[in-house]
> 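Supplied in structure tokens, the structure appears directly below.
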Amino acid sequence: MFRSHTCGELRAGHAGQEVLLAGWVHRRRDHGPLIFIDLRDRYGITQVVFDSTAAPAAHAVASDARSEYVLQVRGPVFERPVEAYNPDLATGTIEVHATEATLLNPARNTPLYINKEGGEDEALRLKYRYLDLRRERMQKNLILRHRIVKFIRDYLDREGFLEIETPILIKSTPEGARDYLVPSRIHPGEFYALPQSPQQLKQLLMVAGFDRYFQIARCFRDEDQRADRQPEFTQLDMELSFVDQEDVLDLIERLFIALCREVVPHKRLVTPFPRLTYAEALERYGSDKPDLRYGLELVNLGPVVAQSQSGLFRAALDTGGQVKGLRVPGAGTYSRKQLDELVDMAKQAGARGLLWAVVPADGGDVRSSFGKQVSPEEMAAIIRQMEGEPGDLLLIVADAPKIVAQVLDRLRRESGARLNLADPNLLAWGWVLDFPLVEWNEEEQRWDAVHHPFTAPRDEDLHLMGTDPGRVRARAYDLVLNGYEVGGGSIRIHRRDVQQQLFDLLGIDRETAMRQFGHMLEAFEYGAPPHGGIAPGIDRICMILADESTIREVMAFPKTQQAVDLMTSAPSPVDERQLRELHIALRLE
RNA sequence: GGGCCCGUGGUGUAGUGGCCGAACAUGCGACCCUGUCAAGGUCGAGAGCGCGGGUUCGAAUCCCGUCGGGCCCGCCA
């Protein structure tokens with residue numbers, strides 16, 4: 001037996017028992033003849049006392065011990081005198097008086113402090129990830145992640161779902177993100193792809209009759225990284241048969257409400273989850289993943305400036321553009337520099353310019369960037385429309401709708417951050433519904449699927465497929481949380497004729513469709529049930545629940561922005577022999 | 001592909017043209033110390049400033065290039 005207890009479980013009630021502990025030296029306080037060692041494992045920390053008179057051999061081991069040495073200690077548990085309680089430790093009312101101590105393994109000086117949250121270069125943390133993972137922050141995050149996944153598994157099991165694994169080596173499809181490819185040794189010149197998601201496979205499971213499926217599924221996308229994007233990530237992949245959109249939304253909402261109440265009871269939830277249409281989300285927030293923790297809604301100034309002669313607005317209005325504004329309460333005190341930052345930000349987001357005005361106290365002059373270019377009546381009307389209060393900063397953008405949304409979304413998030421409006425203990429889940437089915441791709445001069453080519457259009461919009469495809473709404477839905485997209489899904493097409501209509505629209509000819517999706521199309525001819533699903537992103541949800549700002553903090557071994565594993569140095573060159581077996585010749589430019 | 005930020009003993013920082021063959025804290029080594037919990041005290045070792053070039057009488061500091069890390073745009077059906 002290596003240990004009788006963990007370092008986190010001893011309490012005053014254990015006093016008098018002899019225990020055997022094993023763990024890492026978290027901290028050592030050496031008083032000469034008396035040494036205290038905080039022994040740590042993932043369950044907690046226990047203070048062990050080494051007395052040179054009472055147990056000279058054990059004391060000698062403690063004397064030589066250093067941070068992160070691995071020790072085994074035997075001795076009786078003593079309740080501490082009340083004045084020596086340590087309220088910061090769960091085990092703070094007791095200590096173990098070592099009678100024997102064994103050095104299980106020494107440790108070199110660690111390049112990271114385990115007992116201190118470091119501000120060190122993240123590259124160092126990633127290179128020595130196994131040390132970084134010893135720290136409290138990462139232990140907490142990975143334990144939280146375990147609890148989240150465990151809760152989901154248990155919940156869905158109770159709801160009658162089956163967890164079914166799907167292959168990692170699958171067929172490449174050129175649609176969507178860039179695939180990670182795996183060369184075939186047995187089939188020279190041919191490749192598998194790693195799944196971007198198990199989309200097609202889960203739909204085929206529906207055809208197979210597994211009407212409630214889920215999987216904690218690893219997904220791979222060879223695209224550039226972000227704080228919330230890694231080359232491999234985990235989705236809660238789900239699919240259900242004989243359901244409509246409402247069934248999926250209801251299930252997910254119940255699941256995540258129950259999950260949050262269980263694993264992050266200190267956080268508040270808004271229930272039921274607010275629902276926005278895609279059009280409404282863009283209208284009110286300029287984003288299809290708005291942070292719903294605060295208001296700061298965009299105001300349409302179209303009606304107010306419709307008749308304006310000012311060139312500021314005319315150029316946009318006469319070319320189908322919009323004029324919209326954002327009221328930032330109390331930001332009228334911003335310095336010139338702070339305003340310039342906002343203007344720069346707007347330009348970065350694609351705006352030609354940003355108009356701003358400060359609402360004056362009654363009777364005062366309006367301080368603004370465009371006062372000379374509009375009449376006093378127009379300025380007053382704008383302030384009225386935006387419900388500006390004295391001291392507010394009004395930000396206005398006149399441009400194409402897409403630019404207006406993009407810019408004001410950026411400014412809204414920046415303002416929300418500056419004004420500290422986003423309560424970190426509020427979980428603002430929400431649904432964004434009725435996405436367009438397809439989107440015009442200007443470069444390629446064709447219609448692209450917004451979600452994916454198996455997403456069902458809304459029945460009442462079917463008649464527009466031939467005439468005005470851009471207005472066809474999809475039976476698709478996104479789950480958002482605190483400004484992040486944390487899941488997306490749809491009701492799928494299960495009718496062959498509708499599928500064909502969509503392929504025609506997307507410009508996928510029959511031969512191409514058969515080559516790429518033949519297995520799907522054929523499967524749909526053998527009695528495919530109506531079905532739909534969703535795929536919440538586990539990493540992002542864990543990140544938000546753990547109060548982290550990158551998903552790397554909730555992954556054990558993440559990669560850098562360049563998709564490199566700094567610990568193992570992957571990717572790396574391989575032997576010529578391996579390449580030959582795979583029939584691969586390198587062509588390095 | 002592009003924009004912005006960062007890179008100084010093991011670790012975190014200071015130093016932004018000569019005061020620097022580099023300072024502070026922590027960690028490390030030695031010694032002292034029987035109630036600490038970021039223990040305390042004394043002494044000591046440890047970097048030539050990511051790398052390469054250039055400007056200058058003189059470069060950690062300025063310039064160019066390059067490598068690594070981060071944030072963002074593009075990309076992510």
Side-chain angles (χ1 to χ4, degrees), chain A residues 26-39 45-54 59 63-64 66-68 78 80-81 83-89 91-92 95 97 107-128 131 173-179 196-197 199-200 219-231 233 344-345 347-350 406 410 413-414 435 437-439 441 443-444 447-455 474 476 485 488 490 502 506 508 516-517 535 537 549-550 552 559-562 564 566 569:
Chain A
H26 190 64
R27 247 185 213 107
R28 192 178 70 111
R29 291 175 292 282
D30 186 346
H31 294 224
L34 185 70
I35 297 172
F36 298 93
I37 283 180
D38 292 336
L39 202 63
I45 287 175
T46 298
Q47 174 165 282
V48 184
V49 187
F50 299 82
D51 187 315
S52 58
T53 330
H59 178 270
S63 192
D64 289 339
R66 292 294 181 271
S67 286
E68 299 309 309
F78 277 80
R80 302 193 196 183
E83 64 275 14
Y85 278 10
N86 183 345
D88 297 332
L89 288 184
T91 60
E95 61 194 14
H97 290 203
R108 293 168 55 188
N109 265 344
T110 53
L112 300 163
Y113 297 123
I114 310 301
N115 55 23
K116 218 186 316 191
E117 281 310 320
E120 60 282 290
D121 195 322
E122 196 174 341
L124 193 73
R125 293 179 58 201
L126 292 176
K127 179 172 179 193
Y128 296 99
L131 296 179
T173 53
E175 292 269 334
R178 200 175 290 116
D179 280 326
Q196 298 174 23
S197 85
Q199 183 59 40
Q200 295 183 22
C219 305
F220 306 85
R221 294 181 190 173
D222 188 2
E223 297 292 346
D224 287 340
Q225 313 310 312
R226 289 289 185 284
D228 61 351
R229 277 164 36 188
Q230 281 273 306
F233 61 99
D344 281 349
M345 203 169 281
K347 285 183 179 160
Q348 261 178 12
Q406 220 163 277
R410 186 71 219 279
R413 282 184 288 123
E414 175 66 18
F435 279 79
L437 182 70
V438 293
E439 189 176 42
N441 183 329
E443 271 176 45
E444 309 282 340
W447 293 100
D448 281 347
V450 168
H451 194 53
H452 60 63
F454 303 105
T455 299
E485 182 201 324
S490 64
L502 185 52
L506 297 174
I508 301 174
Q516 282 178 26
F517 306 116
S549 52
T550 88
R552 296 188 298 278
K559 294 178 179 61
T560 67
Q561 195 154 49
Q562 297 303 312
V564 168
L566 292 178
S569 309

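Owing to the predicted nature of the structure, the values given are computational and were not obtained by experimental measurement. Reminder, nothing fancy here: chain letters follow the sequence lines and each chain counts from 1.
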> Record whether the side chain of A/E95 comes under 3.5 Å of the base of B/G35 through a donor-acceptor pair of N or O atoms.
yes
> Quick one: the side chain of A/R229 and the base of B/C76, do they pair up donor-acceptor inside 3.5 Å?
yes
> With heavy atoms under 4.0 Å as the rule, sort A/N115 into base, sugar-phosphate or nothing.
nothing
> Quick one: A/Q406 CD to B/G74 C1', roughly how many Å, whole number?
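Going from A/Q406 (CD) to B/G74 (C1'), I get 11 Å.
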> Measure the distance from CG on A/L34 to C1' on B/C32 and round it to the nearest whole Å.
15 Å
> Are any of A/R226's side-chain N or O atoms less than 4.0 Å away from OP1 or OP2 of B/C73?
yes
> What is the distance from CG of A/D88 to C1' of B/U36, rounded to the nearest Å?
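A/D88 atom CG is separated from B/U36 atom C1' by 14 Å.
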> For the side chain of A/R28 and the base of B/C37, is some donor closer than 3.5 Å to an acceptor across the two?
no
> If you look at every strand shown and take non-hydrogen atoms under 4.0 Å, does A/L112 touch a base, only sugar-phosphate, or nothing?
nothing
> Measure CD/A/Q230 against P/B/G69 and give the value in whole Å, please.
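Interatomic distance, CD of A/Q230 to P of B/G69: 12 Å.
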> Quick one: is B/A39 close enough that its OP1 or OP2 comes under 4.0 Å of any side-chain N or O from A/R29?
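For B/A39, OP1/OP2 do have a side-chain N/O of A/R29 under 4.0 Å.
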> For A/Q561 and B/C71, is the shortest distance between a side-chain N/O and OP1 or OP2 below 4.0 Å?
yes
> Measure distances between side-chain N and O atoms of A/S52 and base N and O atoms of B/U34, and say whether any donor-acceptor pair falls under 3.5 Å.
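Checked by distance alone, the answer is no.
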> Which comes earlier along RNA chain B counting from the 5' end, the contact point of A/L89 or that of A/R178, where each point is its nearest nucleotide?
A/L89
> Are any of A/R27's side-chain N or O atoms less than 4.0 Å away from OP1 or OP2 of B/A39?
yes
> Could you let me know what B/C19 is paired to, Watson-Crick or G-U wobble, both distances under 3.5 Å, or none if it's on its own?
none
> For A/E223 and A/R178, indicate whether the former's side chain and the latter's backbone hold a donor-acceptor pair under 3.5 Å.
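Between the backbone of A/R178 and the side chain of A/E223 there is a qualifying donor-acceptor contact (under 3.5 Å).
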> Using only heavy-atom distances, decide whether a donor-acceptor pair under 3.5 angstrom links the side-chain of A/R66 to the base of B/G29.
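Counting by modelled atom types and ignoring angles, no donor-acceptor contact under 3.5 Å is found here.
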> Donor-acceptor check, side chain of A/R28 to backbone of A/S63, threshold 3.5 angstrom: yes or no?
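Pair found, side chain donor or acceptor close to backbone of A/S63.
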> Determine the contact category for A/T173: base if any of its heavy atoms lies under 4.0 Å from a base atom, sugar-phosphate if only primed atoms, P, OP1 or OP2 are that close, otherwise nothing.
nothing
> Which whole number of Å gives the distance between the C1' atom of B/A38 and that of B/G27?
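B/A38 and B/G27 have their C1' atoms separated by 12 Å.
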> Between B/G46 and B/U56, how far apart are the two P atoms, rounded to whole Å?
36 Å
> Taking any heavy-atom pair under 4.0 Å as a contact, classify A/Q562: base, sugar-phosphate, or nothing.
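Sugar-phosphate, no base atom in range.
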> Once you apply a heavy-atom cut-off of 4.0 Å, does A/I35 come out as touching a base, just sugar-phosphate, or nothing?
nothing
> May I ask which nucleotide in the shown strands pairs with B/G74, Watson-Crick or G-U wobble, both distances under 3.5 Å?
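The answer is none; no pair meets the criterion.
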> Drop me the distance from A/H97's NE2 to A/E95's CD, to the nearest 0.5 angstrom.
3.5 Å
> Is the ring centre of A/H31 under 5.5 Å from the base ring centre of B/A39, and are the two planes under 30° apart, so that they stack?
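So A/H31 counts as stacking on the base.
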> Quick one: look up who B/G40 pairs with, Watson-Crick or G-U, both distances under 3.5 Å, and put none if it's unpaired.
B/C32
> Could you check how far CG of A/D30 sits from C1' of B/A38, rounded to whole Å?
16 Å
> Could you give the distance separating B/U16 and B/A30 at their C1' atoms, to the nearest angstrom?
38 Å
> Got a second to check how far A/I37's CD1 is from A/I45's CD1, nearest 0.5 Å?
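Separation between the atoms: 12.5 Å.
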> How many whole angstroms separate atom CD of A/E223 from atom P of B/C75?
10 Å
> Does A/Q348 or A/T110 map to a spot on RNA chain B nearer the 5' end, using the closest nucleotide for each?
A/Q348
> Hey, are the side chains of A/Q47 and A/D38 touching, using non-hydrogen atoms and a 4.5 Å cut-off?
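Contact flag for A/Q47/A/D38 side chains = yes.
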> Please report the interatomic distance OG(A/S490) to CD(A/Q199), rounded to the nearest 0.5 Å.
6.5 Å
> Tell me the interatomic distance from A/E414, atom CD, to B/C72, atom P, rounded to whole angstroms.
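These atoms are roughly 13 Å apart.
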> By the 4.0 Å heavy-atom rule, please label A/N109 as base, sugar-phosphate, or nothing.
sugar-phosphate
> Rounded to whole Å, please give me the gap between CG in A/D222 and P in B/G74.
18 Å
> Would you measure the distance from the C1' atom in B/A47 across to the matching atom in B/A60 and give it in whole Å?
11 Å
> How far does the P atom of B/G52 sit from the matching atom of B/G44, given to the nearest Å?
33 Å
> What interatomic distance, in whole Å, is found between P of B/C24 and the corresponding atom of B/G9?
16 Å
> Is A/A84 touching bases, backbone alone, or none of the nucleic acid, heavy atoms closer than 4.0 Å?
base
> Taking atom P in both B/C20 and B/G1, what distance in whole Å separates the two?
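Rounded to whole Å, the distance is 44 Å.
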> Have a look at A/R125 and say if it touches a base, only the backbone sugar-phosphate, or nothing, with a 4.0 Å heavy-atom cut-off.
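Since no nucleic acid heavy atom lies under 4.0 Å of A/R125, the category is nothing.
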> Give the C-alpha distance, both sets of side-chain angles, the deciding distance and a yes or no for side chain to side chain contact (heavy atoms under 4.5 Å, CB included) between A/R27 and A/F36.
CA-CA 8 Å; A/R27 247 185 213 107; A/F36 298 93; over 6 Å; no
> Is any N or O donor-acceptor pair between the side chain of A/D224 and the base of B/G74 shorter than 3.5 Å?
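Donor-acceptor pair under 3.5 Å: yes.
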> Taking atom P in both B/C75 and B/G7, compute the distance separating them and give it to the nearest angstrom.
32 Å
